[in-house]
Protein chains: 2
Amino acid sequence: MTTKATRTTDAAKPAGKDPVDAITAQWAEVRPDLDTAPMAVFGRVYRVARAMGDRIEKAYDRFGIARGEFDVLATLRRSGEPYTLSPRQLSATLMLTTGGMTGRLDKLERAGLLSRSPDPHDRRGLRVTLSERGLAIVDEAVVAGLEIQHEALEGLREDQVEQLQELLRLLLAGSTRD
Amino acid sequence: MTTKATRTTDAAKPAGKDPVDAITAQWAEVRPDLDTAPMAVFGRVYRVARAMGDRIEKAYDRFGIARGEFDVLATLRRSGEPYTLSPRQLSATLMLTTGGMTGRLDKLERAGLLSRSPDPHDRRGLRVTLSERGLAIVDEAVVAGLEIQHEALEGLREDQVEQLQELLRLLLAGSTRD
DNA sequence: GGCAAGTAGCTTACTCGTAAGCTACTTGCC
DNA sequence: GGCAAGTAGCTTACGAGTAAGCTACTTGCC
């Protein structure tokens, strides 16, 4: 299945030029000594992340939550019943400072999507629990988000998605090792 | 990386589990009705973007610039001599509001890496020009950044990088169309 | 030529994140 | 048991972005 576009810049593969091609071409012109291949890879990664982040943010709008707030609800949701975690677990999972988590929890608690209660076993700690409304909203929102993501993958065949998956796994490993 | 996580070519799902696998597995448990494949793709994209952003930010530290500031300098640099663009062109290219661009230019001008001068043909406008120091710094910083990115790609063979490139091109197209 | 509409860049108010420091509580060691 | 060190969550100060509104200038149309 490897119809790989080995030849660098011929009329090889389907995809046309995109903004990242324009940028790397400009670099090649002014700094021909640089190997711009990595730039093209990560440039596209950044743009996909940003574009999809914006789209999904917009999809969550109608549920009255921002993306970071969805992430909190989703982390609680996927932890399973009783949908309870500590602020510490949440901030660790979401790679957020504890101060940032305090803010998100404040907003979500005010909106009635979760509640904070004292941890019965550790008086320093709290237990954050999804409310019924929070559960309902996250269960709808996750579907809405997946739909957006699914659409973005429509241009890829099944086997290409799998291939991409494997390559991204390697890329993530390389990007986070040490 | 460690030993031989590079046996990607066979039926065997090669690379070991990563945090994204854990998340999708959790979702599969509590919501077996969902197709979590898109989540796995974009989850890795987000994580790569964030991890590499952090690394590169750190690499630019020694040049005294933040990543967003590098982007401004880089846009000027790759535009070629005389390294001059308008704030409007910069904010459009970098997908930044004009207010945000004002702030970045303020910082960079204060640091002596660029200068603002009136546009001789349009008295509303400005021309932003890279200073000699700005040029020197961006030329060093771009190499430092590429080095980080190159390292992150070490776990991939040449042909895998090309394949990834093509797939990301499709993904970006799907993520930004409409 | 004159005026409405558009554009360039800056300012202001606000949001959401971090870093660092605080208090309260728990843990480990003697 | 008692105390130093560690941990949980909140607060404060700050940074960097957006959205919206401002002034100054340009453009297009009559």
Is there a residue in residues 75-83 of chain B whose heavy atoms reach under 4.0 Å of DNA chain C, and which residues are they? none
Check whether any side-chain heavy atom of A/V142 sits under 4.5 Å from a side-chain heavy atom of A/F70, and report yes or no. yes
Are B/K58 and B/I148 close enough that some pair of their side-chain heavy atoms sits under 4.5 Å apart? no
Residues touching DNA chain C, which here means a heavy atom under 4.0 Å, drawn from residues 86-103 of chain B: B/S86, B/P87, B/R88, B/T98, B/G99, B/T102
With A/R67 as the cation and B/F42 as the aromatic partner, state whether NZ or CZ is under 6.0 Å from the six-membered ring centre and within 45° of the axis. no
Could you list, one pair per line, each protein nitrogen or oxygen that sits under 3.5 Å from a nitrogen or oxygen of nucleotides 14-16 of chain C, together with the distance?
none

Taking C-beta and beyond as the side chain, do B/E154 and A/R177 meet within less than 4.5 Å on heavy atoms? yes
Decide yes or no on side chain to side chain donor-acceptor pair (under 3.5 Å) for A/Q165 and B/R44, but give the supporting numbers first. CA-CA 8 Å; A/Q165 197 64 265; B/R44 288 195 174 89; 2.6 Å; yes
With B/V128 as partner, the option from B/T75, B/T84, B/L76 fulfilling side-chain contact (heavy atoms from CB on, under 4.5 Å) is B/L76
Using the criterion of both pairing distances under 3.5 Å for Watson-Crick and G-U wobble pairs, give all stems of 3 or more consecutive pairs involving DNA chain C. C:1-30 with D:1-30
Distance check needed: D/dA16 P versus B/I65 CD1, whole Å only. 13 Å
Look at the side chain of B/D21 and the backbone N and O of B/D18, then say whether any donor-acceptor pair between them is shorter than 3.5 Å. yes
Sub-3.5 Å pairs of nitrogen or oxygen atoms, protein against nucleotides 3-5 of chain C:
none

Interface with DNA chain D, restricted to residues 117-127 of chain A and to heavy atoms under 4.0 Å: A/R124, A/G125, A/L126
